Amino acid sequence: MFRKILIANRGEIACRVIATARRMGIATVAVFSDADRNARHVAMADEAVHIGGATVAESYLQGSRIIAAAQATGAEAIHPGYGFLSENPGFVEAVAAAGLAFIGPTADAIRAMGLKDAAKALMEGAGVPVVPGYYGAEQGMDFLAARAAEIGWPVLIKARAGGGGKGMRLVERAEDFAEALASAQREAQAAFGDPACLIEKYVTRPRHIEIQVFGDAHGNVIHLFERDCSLQRRHQKVIEEAPAPGMTPEMRAAMGAAAVEAARAIGYRGAGTVEFIVDGSGPLRPDGFWFMEMNTRLQVEHPVSEAITGLDFVELQLRVAAGEPLPVAQEDLRIDGWAFEARLYAEDAENGFLPATGRLDLLAFPPAAEFSRAALRIDSGVRQGDEISPFYDPMIAKVIVHGPTRAIALSRLSAALGQCRVQGSITNLGFLSALAGHDGFRRGEVDTGLIARDLTALLTRPAVGPHVAAAAVLSALGFLAAPVPDDPWRGLAGWRHWPVDSLPLTLTHGTQETRWRVTPQAAGRFLIAGGAAELEVTVAARDGETIVLELAGHRKRLEVITTSRRITICDDSGCHSFDLSDPERAEDAGEGGDGITAPMPGLVTRLAAKAGQQVRKGEALIVLEAMKMEHTLTAPRDGVVAEVLAAQGDQVAHGALLLMLEAADD
Ligand code: ADP
Ligand code: ADP
Ligand code: MG
């Protein structure tokens, strides 16, 4: 076994690998960029080497610097994690040329699966069912449009070099094809340096079911059952589970055999995932699945498979890379219970899921295991106080639950999500909680369209209950916590000493503004009037941030979190934030303002308007690319472009002014 390994990655996956290496007595070396000097993976590793600037191109994609770091520290092997260089065959060859082991498959195996078009041709040859479509080299617009028409609408355009849902466009009608292809090619060029696309038949009511495989250097290949990753938004996984709802022994055997066949066809070694698109319009059928792609690495959602098999996949990776045979055979494997994983991201779900940034002023999870199997496991690469920067994937944590049945595991997921506390960045926590409670999902009726169909309901925050509202009001007036110096709430707190009957207050929750009046009664008792309600509230207990409020004989425990102008009240179903209304704010937010600003940090990939140009409301002006996707900024009204303040290729900050409009003269 290796004595020391280097992890060529960051974030939660680097921490995940370090945790298993430590358990196995293997020393670890981390690498870090300028932005990650104080990151968790650096703190966790035994030693760490600086490899360059904050952008991934200057650091985590610098293969030769990473190899030099391994040599300088005496590491014998490199674990690539996922993303970055994990599926880069040139890197694998360079690692071998430097006399180091690569903890993953051979360069040839990665190459065989690296491009979706070549992989499909290979799989077809190996007798694995593949999605019908055009996988050829010819890339002319008219030619591809003709192939799409032959395949029949709807079709899916995919970047052949694609990953992470990028470079993909669903096209339902011939007239939308040209624009969708151009946009997919642009995104593919920017993300992968390769604009080539393939066209696939779009499977309607699809489910995404993938099979985990493992191979060793002794010719053994096994599969570790399936994961259902159908809960997706824009082709990106949101909640994954294992096993798949409605899976039959026949279907599992057929999919497992096809995945093992695929791995054998390329002499696969290490951890891999064979992804299939499955007809979800009825019960699962052994002839209703088709190969989509193979990911030649450890997958983000591997913990759900670890949960149901009892194995540590990073340990298996290390043992296989060190030349050991797989320690388990297919017939030894059994499925134990059910598991889910939810991906907690810094992103603004209510606002088009734009990636968010910020310092995590508060990050607290319910008691859980980390990087190892448990009823509740939370894998995270960040700590309270860390920054979610615009340079990398905005993942905060993976919340993983395991239970004896699907229903119990899913209840555990809801409970765990309700107990996560994050402040300082916007997150998708409310969205994940709503999804975990979705009726169809609870019944196991999943398909990749579920989220898009029910998005409005999934983004509707649960109503604020009277206990939560009362806690917010009392907290805002300073009745619940001693005010801290230079706290904007302090001025209000003094009011309680005034000899007045009732105190007024206006709080904003989401878009709703409510006026309240609070009348203190005896110590710890208040009358609170707001909207149509009048509440009689008793503060029954208070201990730090935790309070117990009693309303009409009903006691509830709540947490009160205050940061600058915001009050957050949490109960065991989640959190609600309230802002003290700011009277000046309403005045300067004019209708259809003159400036177009960046709604998130990103890269300007296209400028569609020039100064002096007449534009109509809704017309595309600027295309911004951020983390995972393209965002088109459109004209808020008819007008003339007065000035363009950004250039193509600019990296712009959140809120940066990009373009000015003026009224059209007529
Ligand atoms: P999975 O491992 O299940 O396929 P994803 O596809 O969501 O999970 O993410 C993993 C892969 O997608 C990584 O290999 C990475 O290359 C790519 N990826 C995910 N998020 C991003 C991102 N924000 N930017 C670039 N690539 C990403
Ligand atoms: P990536 O490399 O970005 O992960 P995939 O080929 O794995 O790309 O596709 C990502 C997702 O897009 C799938 O999980 C599935 O939801 C959807 N998808 C892919 N191909 C099809 C198809 N032919 N029909 C319907 N949905 C598809
Ligand atoms: Mg995929």
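Keep in mind the model is a prediction, meaning the values are calculated, not measured. Whatever order the structure lists them in is the order used to number ligands and atoms, beginning at 1.
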Q: Going by heavy-atom distance to atom 3 (O) of ligand 2, choose the closest among Cys229, Ser230, Gly167, Gly165.
A: Gly165

**Q.** Any Met168 heavy atom less than 4.0 Å from ligand 2
**A.** yes

Q | Of the N, O or S atoms in Glu293, the one nearest the Mg ion (ligand 3) | A | OE2

(Q) List ligand 2 atoms under 4.0 Å from Gly162, heavy atoms only on the residue side. (A) 2 (O)

(Q) Pairing donors with acceptors under 3.5 angstrom, does anything connect the side chains of Arg186 and Thr605? (A) no

Q) Looking at Leu231, Ile451, Asp454, which one forms a side chain to side chain contact (heavy atoms under 4.5 Å, CB included) with Phe441? A) Leu231

Q | Gln212 and its side chain to side chain donor-acceptor pair (under 3.5 Å) partner, picked from Glu301, Arg227, His302, Glu226 | A | Arg227

Q: Please check if any side-chain donor atom of Glu315 sits under 3.5 Å from a side-chain acceptor atom of Thr20, or the reverse.
A: no

**Q.** Minimum non-hydrogen distance to atom 15 (C) of ligand 2, winning option of Gln232, Arg234, Gln236
**A.** Gln232

Q: Could you tell me whether the side chains of Asp108 and Thr106 share a donor-acceptor contact shorter than 3.5 Å?
A: no

Q: Examine the proximity of ligand 2 to Val203 and report which part, side chain or backbone, both or neither, has a heavy atom under 4.0 Å away.
A: both

Q: I would like to know whether Tyr60 and Asp36 meet side-chain hydrogen bond (donor to acceptor under 3.5 Å, both in side chains); could you show each step before the answer?
A: CA-CA 11 Å; Tyr60 299 104; Asp36 275 344; 2.5 Å; yes

**Q.** Atom nearest to the Mg ion (ligand 3) - Glu275, N, O or S atoms considered
**A.** OE1

